[in-house]
Amino acid sequence: QLQLVESGGGLVQPGGSLRLSCAASGLTLDYYVIGWFRQAPGKEREGVSCISRGSGSTDYADSVKGRFTISRDNAKNTVYLRMNNLKPEDTAVYYCAVDFRPNANCLVGLGYEYDHWGQGTQVTVSS
């Protein structure tokens with residue numbers, strides 16, 4: 001059965017780091033574009049990062065460039081989001097999602113083109 005499970009969230013101080021994981025079952029993640037998204041209370045969902053199949057090209061939201069890194073471990077069928085120098089404005093529920101289109105592009109956006117989503121993991125950045 002197809003399933004995406006996010007993990008790795010938690011409470012960290014500003015300037016701290018977390019690594020989020022998106023573990024898949026029922027599909028091979030590296031065949032598809034995978035995206036990370038977040039949604040904070042009272043705000044719309046926003047794209048954070050994505051990683052493509054094949055070449056493994058990536059894209060990032062301007063707000064996280066230089067701080068976040070997306071990567072993939074094919075052996076573990078898992079996509080990661082390493083988050084460094086976290087800021088209070090990074091506080092949100094973080095979701096991973098898969099785009100089933102075989103020729104999809106990896107571009108950060110609102111995520112309407114993604115087909116299947118995980119349940120999310122909470123990230124809270126506070127002192």
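Index from 1, following the sequence. These numbers were taken from a predicted model, which means no experiment stands behind them.
Ion pairing of Asp90 with Lys87 is absent here, as no side-chain N (NZ or NE/NH1/NH2) approaches a carboxylate O to less than 4.0 Å.
Contact record, Tyr95 with Glu6: CA-OE2, 3.3 Å, taken as the closest heavy-atom pair. In plain terms, the two heavy atoms of Ser49 and Asp59 that are nearest each other are OG-O, 2.9 Å. Listed here is the closest heavy atom pair of Tyr31 and Arg53: O-CD, 3.3 Å. Leu4 approaches Ala24 most closely through the heavy-atom pair CD2-CB, 3.7 Å. Here the closest heavy-atom approach between residue Leu29 and residue Ile34 is recorded as CD2-CD1, 3.3 Å.
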Identify every side-chain donor-acceptor pair in residues 97-108 under 3.5 Å, counting partners at least two apart or on other chains, and give the distances.
unit_1, atom_1, unit_2, atom_2, d
Asp99, OD1, Arg101, N, 3.1
Asp99, OD1, Arg101, NE, 3.1
Asp99, OD2, Arg101, NE, 3.2
Asp99, OD2, Arg101, NH2, 2.8

Would you tabulate the side-chain donor-acceptor contacts of residues 118-127 under 3.5 Å, counting partners in other chains and residues two or more places apart, or write 'none'?
unit_1, atom_1, unit_2, atom_2, d
Thr121, OG1, Gly9, N, 3.2
Gln122, NE2, Ala92, O, 3.4
Gln122, NE2, Thr124, OG1, 3.3

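Ile51 CD1 to Asp30 CG: the interatomic distance, rounded to the nearest 0.5 Å, is 9.5 Å. Taking CG from Leu27 and OH from Tyr32, the interatomic distance works out to 6.0 Å, rounded to the nearest 0.5 Å.
With a 4.5 Å cut-off on side-chain heavy atoms, Phe68 and Met83 count as touching.
Placement of Leu81 and Val93 in two distinct hydrophobic clusters is found when ILVMFWY residues are connected by side-chain heavy-atom separations under 4.5 Å, directly or transitively.
Applying the ring pair (Phe, Tyr, Trp, His ring centres under 6.0 Å) test to pairs two or more places apart or on separate chains, those with a residue in residues 102-127 are Phe37-Tyr114, Phe37-Trp117.
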- Query: Taking it one step at a time, do Val79 and Ile70 satisfy side-chain contact (heavy atoms from CB on, under 4.5 Å)?
  - Reply: CA-CA 7 Å; Val79 172; Ile70 190 169; 3.9 Å; yes
- Task: Quick one: do Arg67 and Tyr60 satisfy side-chain contact (heavy atoms from CB on, under 4.5 Å)? Show the steps, please.
- Result: CA-CA 10 Å; Arg67 299 189 297 121; Tyr60 298 90; over 6 Å; no
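Side chains of Ser52 and Ser57: a donor on one and an acceptor on the other come within 3.5 Å. Between the side chains of Arg38 and Tyr94, at least one donor N or O lies within less than 3.5 Å of an accepting N or O.
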